[in-house]
Participant: 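First the structure, which I've put down as structure tokens, then a few questions once you've had a look.
All values reported here derive from a predicted model rather than from experimental measurement. Residue numbering restarts at 1 for every chain, and letters A, B, ... go by the order of the sequence lines.
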Amino acid sequence: MLDIRLIRESPEFVRERLATRGTELAQLIDQVLEIDSERRRLETQLQQLSAERNRLSKQIGMLRSNNEPSSAPEAKVRAMGEEIAGLTQAVAAADESQRNLLLGIPNLPHPNATIGADASANPEVRTWGEKPVFNYQPLDHVDLGARLGLFDLERAAKISGSGFVCFTNLGARLQRGLIQFLLDLHTIEHGYVEICPPHLVRRECMVGTGQLPKFEEDAYGLEEGQTFLIPTAEVPLTNLHREEILSYRELPKYFVAHTPCFRREAGSAGRDTRGIIRIHQFDKVELVKVTRPETSYEELEKLTADAENVLKILGLHYRVIELCTGDLGFSMSKTYDLEVWAPGQGRYLEVSSCSNAEDFQARRMNLKFKDSDGKNRFCHTLNGSGTALARLYVALVETCQQPDGSILIPEPLRDYVRVKEIR
RNA sequence: GGUGAGGUGGCUGAGUGGUCGAAAGCGGCGCUUUGCUAAAGCGUUGUACUCUUUAUCGGGUACCGAGGGUUCGAAUCCCUCCCUCACCGCCA
């Protein structure tokens, strides 16, 4: 949520920055401003009336305790009642529509962000490693998986529908080993606190991180939309301290969690239909940071490096791209995507998205900290996949395949998978 | 799912219709005293919004789990919901 004061005081600035996202938002800003001034007009009026009523009520109390007649001020207050009730309602209505409008406005892109319309304008920041060379046509994960019995897509479809996977045997163990490896890496080496959060969250948490109210069709809702299956652990982790005032001494906070992620993929039917690249339920190890505003961009670089470290240790070639203004997610000011090379696909797969939401989410969830000068300020929140399992899995088996169709488990994973090869 | 108890400021905890944003204590902050520490005394100490202001200061409104109701007036009375605790039932 943007700060209404910023919009009020610098509407041009806000309009320009939002325009770089490429969607038409200027009109929304006009609407917010209109409601804001109306809201304040009503509120001022209400407050003046309330002050008058309080003054009279106090007088009535004093008159009564002195056994003096109080019917005159009582009549006055009674006469005010209806107007106050009406104004109270009007203010509440204006408040609500202002908030609803604000909840639908995306975050401002970082001032240094590359201006661009879509993903094709995303600049490459760096690459690591090189595409592995095969002297044969590498198999993709679907063929490898079928050959080695790593997962069963047909039976998953039978029990759950299309877009689900059922890992089997060593394929399941590889998945479990990867999870363990990732959690160990981020807790022991990178200093994150491990959290095992609920996978079902209240509606307001989804609003807090920005999935709602705009993108309800992407989420699995239960109990008439009051709770939701999490689309990412970003939701429970970032909301952990919602409606709290932390001490500046506690910041930054680092959280890591492994959870399944549930997504309807409403807008992407027909895309990535083969294999496990885009499915309705996948596992992910997620990193979340809550920081002071002064350090959040520094922390974003560190968080991205922590995610990159996963791919480095596993020896997977990847590139880091920065999302341009038109490709930036709703809640984010700046995002780096990590894309890992998948030889069987012949393309890069997004396995991590590392973002700084600045105070956008904190404002929605009322997450503050008390600074050293005693002032309450909104925290900055960051998150990044560390990493998405299904796609990491794809890149790993496709990269580590051998000519005979077996998979050589990378050295750092062997203690977790307990085999050297899957054949 | 059932029954009972309860949710008040950073914490403990008073307050059962009026002058209560809320006693008292603890904690925090400031000052004084003091060789240091400790202790004591005095003062101060919530959040949001809004008006005024360059800003501070200041004025006002709201907030005693949330929402609604009764009333001239609600922390206090009534209703609904949420949450916590205890016990019972069912179940991993």
Participant: State which residues pass ring pair (Phe, Tyr, Trp, His ring centres under 6.0 Å) with A:Y254; sequence neighbours excluded, sorted by chain then number.
Facilitator: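 Ring pair (Phe, Tyr, Trp, His ring centres under 6.0 Å) check on A:Y254 returns A:Y192.
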Participant: Output the rounded distance in Å from CZ (A:R364) to C1' (B:A48).
Facilitator: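 Going from A:R364 (CZ) to B:A48 (C1'), I get 19 Å.
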Participant: With C1' as the reference atom in both, quote the distance from B:U16 to B:A23 in angstrom, rounded to an integer.
Facilitator: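 Rounded to whole Å, the distance is 16 Å.
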Participant: Would you mind reading off the distance between A:R377 atom CZ and B:U47 atom P, rounded to a whole angstrom?
Facilitator: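 Rounded to whole Å, this separation is 15 Å.
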Participant: Rounding to the closest angstrom, what is the interatomic distance between B:G6 and B:C77 at atom P?
Facilitator: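 Approximately 11 Å lies between the P atom of B:G6 and that of B:C77.
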Participant: If the cut-off is 4.0 Å, is A:K370 near the phosphate of B:G10, judged by side-chain N/O to OP1 or OP2?
Facilitator: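 No, A:K370 has no side-chain N/O under 4.0 Å of OP1/OP2 on B:G10.
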Participant: For the pair A:E194 (side chain) and A:C196 (backbone), establish whether a donor and an acceptor sit closer than 3.5 Å, ignoring hydrogens and angles.
Facilitator: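 Absent.
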Participant: Looking across every strand, which nucleic acid part, if any, lies under 4.0 Å from A:D95 by heavy atom: base, sugar-phosphate, or nothing?
Facilitator: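 No contact at all - A:D95 keeps every heavy atom at 4.0 Å or more from the nucleic acid.
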Participant: At under 4.0 Å, does any side-chain N or O of A:R5 touch on OP1 or OP2 of B:C49?
Facilitator: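 Yes, such a contact exists.
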Participant: Write down the distance separating the P atoms in B:G41 and B:G25, rounded off to the nearest Å.
Facilitator: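 Nearest-Å result for B:G41 against B:G25 at atom P: 11 Å.
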Participant: Taking CG from A:N366 and P from B:A66, how many angstroms apart are they, rounded to a whole number?
Facilitator: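 Computing the A:N366:CG to B:A66:P distance gives 14 Å.
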Participant: State whether the side chain of A:E322 and the backbone N or O of A:P123 hold a donor-acceptor pair below 3.5 Å, judged by distance alone.
Facilitator: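 Answer holds: no.
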Participant: Determine the Euclidean distance between corresponding P atoms of B:U47 and B:A5; express it in Å to zero decimal places.
Facilitator: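 About 36 Å, rounded to a whole number of Å.
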Participant: Evaluate the side-chain proximity of A:C354 to A:E308: yes if any heavy-atom separation is below 4.5 Å, no if none is.
Facilitator: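 Counting from C-beta outward, A:E308 and A:C354 never come under 4.5 Å.
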Participant: Please measure how far the C1' atom in B:U34 lies from the corresponding atom in B:C51, and state the result in whole Å.
Facilitator: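 Per the computed distance, 47 Å lies between those C1' atoms.
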Participant: Could I get a table of every N or O pair under 3.5 Å where one atom is in the protein and the other is in nucleotides 58-61 of chain B?
Facilitator:
from, atom 1, to, atom 2, distance (Å)
B:G60, N2, A:Q47, OE1, 3.0
B:G60, N2, A:Q47, NE2, 3.0
B:U61, OP1, A:N54, ND2, 3.2

Participant: Please figure out whether A:I4 or A:L56 has its closest RNA chain B nucleotide nearer the 5' end.
Facilitator: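 Of the two residues, A:L56 wins.
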Participant: Need one value for A:R202: base, sugar-phosphate or nothing, where a base atom within 4.0 Å counts as base even if backbone is also close, heavy atoms only.
Facilitator: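 Result for A:R202 = sugar-phosphate.
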Participant: Over how many whole Å does the gap from A:E243 atom CD to B:A66 atom C1' extend?
Facilitator: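 That distance rounds to 11 Å.
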Participant: Could you give me the stems involving RNA chain B, meaning stretches of three or more consecutive Watson-Crick or G-U wobble pairs whose two defining distances are both below 3.5 Å?
Facilitator: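 In RNA chain B, stems of three or more pairs: B:1-7 with B:82-88, B:10-12 with B:24-26, B:27-32 with B:40-45, B:46-51 with B:58-63, B:65-69 with B:77-81.
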Participant: Got a sec, which pairs hit salt bridge (charged side-chain N to carboxylate O under 4.0 Å, His left out) with one end in residues 377-395 of chain A, sequence neighbours left out?
Facilitator: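 Sorted result for residues 377-395 of chain A: A:E294-A:R377, A:D371-A:R377.
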Participant: Pair A:E358, A:N107 - check side chain to side chain donor-acceptor pair (under 3.5 Å), show working.
Facilitator: CA-CA 9 Å; A:E358 298 193 1; A:N107 202 354; 5.6 Å; no
Participant: Listed by chain and number, what are the side-chain contact (heavy atoms from CB on, under 4.5 Å) partners of A:E16, not counting sequence neighbours?
Facilitator: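 For A:E16 the side-chain contact (heavy atoms from CB on, under 4.5 Å) partners, ignoring immediate neighbours, are A:E12.
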Participant: B:G43 and B:A48: how far apart are their C1' atoms, nearest whole angstrom?
Facilitator: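 These two C1' atoms come out 27 Å apart once rounded.
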Participant: Rounded to whole Å, please give me the gap between CG in A:L49 and C1' in B:A62.
Facilitator: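 In whole Å, B:A62 C1' lies 15 Å from A:L49 CG.
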Participant: Tell me: CD of A:E204 to P of B:C83, nearest whole Å?
Facilitator: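 The answer, rounded to whole Å, is 10 Å.
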Participant: Would A:R5 and A:D36 pass as an ion pair if we require N to O under 4.0 Å?
Facilitator: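 Here A:R5 does not pair with A:D36 in a salt bridge, since their nearest N and O are not under 4.0 Å apart.
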Participant: Hey, does the side chain of A:R40 come within less than 4.0 Å of B:C51's phosphate (OP1/OP2), counting only N and O?
Facilitator: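 Answer is yes, contact under 4.0 Å.
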Participant: Determine the Euclidean distance between corresponding P atoms of B:C82 and B:G30; express it in Å to zero decimal places.
Facilitator: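 After rounding to an integer number of Å, I get 45 Å for this pair.
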Participant: Okay, side chain of A:R423, backbone of A:S406: is any donor-acceptor separation there less than 3.5 Å?
Facilitator: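 Absent.
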Participant: Could you state the atom-to-atom distance from CG of A:D371 to P of B:G28 in whole Å?
Facilitator: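 It is 20 Å, rounded to the nearest whole Å.
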Participant: If we only count heavy atoms from C-beta on, is the A:L392 to A:L178 side-chain gap below 4.5 Å?
Facilitator: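 Yes, their side chains come closer than 4.5 Å.
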Participant: For A:R203, report the nucleic acid contact type (base, sugar-phosphate, nothing); a contact means any heavy atom under 4.0 Å.
Facilitator: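 It contacts nothing in the nucleic acid.
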Participant: A:Q89 has an atom CD; how far is it from atom P of B:G67, in whole Å?
Facilitator: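 These atoms are roughly 15 Å apart.
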Participant: Classify every nucleotide of nucleotides 70-78 of chain B by which part a protein heavy atom approaches to under 4.0 Å, writing B for the base, S for the sugar-phosphate alone and - for neither, in 5'-to-3' order.
Facilitator: --BS-----
Participant: In whole angstrom, give me the gap between the C1' atoms of B:C26 and B:G9.
Facilitator: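 Each nucleotide's C1' atom is 13 Å from the other's.
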Participant: Hey, does the side chain of A:E250 reach the backbone of A:S247 with a donor-acceptor pair shorter than 3.5 angstrom?
Facilitator: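 Yes.
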Participant: Apply the test side chain to side chain donor-acceptor pair (under 3.5 Å) to residues A:E234 and A:T238: give CA-CA distance (whole Å), side-chain angles for both, the deciding distance (0.1 Å), then the verdict.
Facilitator: CA-CA 6 Å; A:E234 169 197 347; A:T238 312; 5.0 Å; no
Participant: Salt bridge or not between A:E96 and A:R99? Use side-chain N to carboxylate O under 4.0 Å.
Facilitator: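 Between A:R99 and A:E96 there is no salt bridge, as every charged N stays at least 4.0 Å from the carboxylate O atoms.
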